Structure formats: structure tokens, C-alpha cells
Amino acid sequence: MTEMVRTGDERHFGAFLREARERQKISAAEVAESIKISQSCLAALERAAWDELPPEIFVRGFVKTYARILGVNEGEPLNLLDREVSARRRSDDELQVPVVSGATHELLPVDAPPVDPDIARRPVGLALFVVIVLVISIVALSYLLHQPAPPGEGLSWGPSQPCEVAGGQGTPRPVLDPRA
């Protein structure tokens with residue numbers, strides 16, 4: 001995106017805020033510290049240098065906070081911001097040219113960023129990662145839950161007492177010690 005060309009008498013939101021700051025004799029460093037942005041970002045905001053500014057939603061928040069710090073009505077700089085954003089969108093729409101691709105026509109911005117081929121593979125990689133983590137978790141859980149009992153545990157009625165089958169039915173019963 002390019003910086004908008006302005007006529008000499010046209011005021012923008014940044015100029016409005018800068019003039020209010022200068023009238024109150026507040027330094028740019030004080031405002032930047034209050035807004036929690038760098039001085040270079042504040043200077044870009046005051047120049048309305050869109051190439052150097054973050055996305056519009058952040059600029060809107062900076063303008064509101066800047067106006068509150070100066071004690072001015074935030075409505076006027078926000079209206080100026082809205083007008084400039086609308087003008088930028090109109091000029092961006094005019095920059096779009098039809099591009100022929102196959103049998104269809106698409107409108108692509110002239111300064112469209114190149115398509116990153118890795119973006120299309122990211123969901124597949126994430127899904128693969130989730131599946132691998134699930135498989136490892138299931139294997140680990142099954143290992144922990146199916147460990148064999150320690151040797152000899154739960155196999156006898158008491159300490160070293162042999163068992164016999166009662167009446168051929170296959171039901172174990174403890175052998176009574178004849179000495180007792």
C-alpha cells in the first residue's frame with residue numbers, strides 16, 4: 001500500500017493529533033510512552049504513513065488513545081481516519097486489474113503478495129502431528145494398563161498352601177493341613 005497523496009489544505013487524523021499535541025506542548029516521547037508504542041510508530045501515525053503503520057484496527061485504537069491522552073474529542077480524528085480509510089479502499093479497488101486464468105476472469109490486486117505453497121500444507125501437517133500424538137498416547141496408556149501382575153501375586157489362598165480340585169468339578173479348594 002502506498003501513502004496517500006494529499007493536497008496542501010487537506011487535513012488528516014495524524015495532523016489533527018500532532019497539532020493538538022503541539023498546542024499543549026506535550027512531547028512525542030511522552031505520548032509514545034503513554035500509548036505504549038515506539039516514537040517511530042507515533043511519527044508514522046502523525047504523518048498517516050500507512051506503509052509504516054500496523055493494520056487499521058490497531059491504528060484506530062492508537063488514534064482513540066492518543067485523543068484521550070490529549071483530552072480532545074476522539075470523534076474528529078476518528079472521522080478523519082474513516083474518511084482516509086474509505087479513500088484508500090477506493091484507490092485500492094481502482095488498482096485491481098482483471099487477470100485471465102483459464103476461461104474465467106479474476107480480479108487480483110496489482111501488489112498481491114505471492115502465494116506461499118507451505119500454507120496449503122499446514123493443516124495436513126497439523127493433522128498428522130495430532131494423529132501421531134494420539135497413537136503414542138494410546139500405546140503408552142495400553143502399556144501402563146496391561147502390565148502383568150508381579151510373580152505369585154493373587155495365585156494362592158495363603159502362604160504356600162497347595163490346592164486340590166474338589167469332586168472333579170474343577171473348583172479349587174484349600175487343602176486342610178492334617179497337622180492342625
Side-chain angles (χ1 to χ4, degrees), residues 1-6 12-18 21 27-70 74-75 77-156:
M1 308 245 172
T2 59
E3 189 172 335
M4 289 211 32
V5 178
R6 295 181 188 86
H12 59 84
F13 65 94
F16 174 85
L17 293 169
R18 184 187 65 244
R21 176 181 60 78
S27 73
E30 291 173 308
V31 173
E33 185 176 323
S34 297
I35 299 177
K36 307 287 188 231
I37 62 174
S38 66
Q39 289 186 27
S40 61
C41 187
L42 181 69
L45 187 69
E46 289 182 345
R47 290 190 324 269
W50 288 97
D51 289 343
E52 301 170 32
L53 291 172
E56 176 190 334
I57 188 82
F58 296 108
V59 172
R60 180 172 296 283
F62 294 155
V63 168
K64 278 184 179 182
T65 307
Y66 195 166
R68 287 182 194 148
I69 288 170
L70 297 176
E74 63 191 52
L78 286 176
N79 288 337
L80 292 169
L81 173 67
D82 289 338
R83 269 194 257 147
E84 185 151 346
V85 166
S86 296
R88 290 183 77 237
R89 286 188 181 141
R90 278 193 307 274
S91 70
D92 286 349
D93 289 343
E94 291 169 3
L95 289 176
Q96 290 181 344
V97 293
V99 175
V100 177
S101 68
T104 62
H105 294 281
E106 298 176 18
L107 288 180
L108 297 174
V110 174
D111 59 346
V115 177
D116 185 5
D118 291 337
I119 290 176
R121 291 187 289 213
R122 286 184 188 153
V124 174
L126 179 62
L128 185 60
F129 174 74
V130 169
V131 168
I132 290 171
V133 168
L134 284 174
V135 167
I136 291 172
S137 300
I138 291 170
V139 168
L141 206 76
S142 67
Y143 174 75
L144 291 174
L145 294 177
H146 291 96
Q147 283 187 343
E153 186 178 313
L155 299 178
S156 63

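Please read these numbers as outputs of a predicted model, since none were measured by experiment.
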- Query: Partners of Ile136 by side-chain contact (heavy atoms from CB on, under 4.5 Å), sequence neighbours excluded?
  - Reply: Ile132

- Reported CD-to-CD1 distance for the pair Glu74 and Ile69, which is rounded to 0.5 angstrom: 11.5 Å

- For Gln39, which residues count as a side-chain hydrogen bond (donor to acceptor under 3.5 Å, both in side chains) partner, sequence neighbours excluded? none

- Query: Glu84 and Trp50: side-chain donor and acceptor closer than 3.5 Å?
  - Reply: yes

- Query: For Leu42 and Ala28, which heavy atoms make the closest approach, and how far apart are they?
  - Reply: CD2-O, 3.1 Å

- Message: For Glu52, is there an ion pair with Arg47 - N to carboxylate O distance below 4.0 angstrom?
- Response: yes

Acceptor/donor pairs from residues 57-65 side chains to any protein atom, 3.5 angstrom cut, sequence neighbours excluded:
residue	atom	partner	partner atom	Å
Arg60	NH1	Asp82	OD1	3.2
Arg60	NH2	Asp82	OD1	2.4
Thr65	OG1	Gly61	O	2.9

- Note on the structure: Contacts of Arg83 meeting side-chain contact (heavy atoms from CB on, under 4.5 Å) (sequence neighbours excluded), chain-then-number -> Leu80

- side-chain hydrogen bond (donor to acceptor under 3.5 Å, both in side chains) against Ser38, all qualifying residues, sequence neighbours excluded: Ser40

- Across all chains, not counting sequence neighbours, the side-chain contact (heavy atoms from CB on, under 4.5 Å) partners of Val133 are Phe129, Ser137

- Contact list for residues 29-46, test salt bridge (charged side-chain N to carboxylate O under 4.0 Å, His left out), sequence neighbours left out: Arg21-Glu46

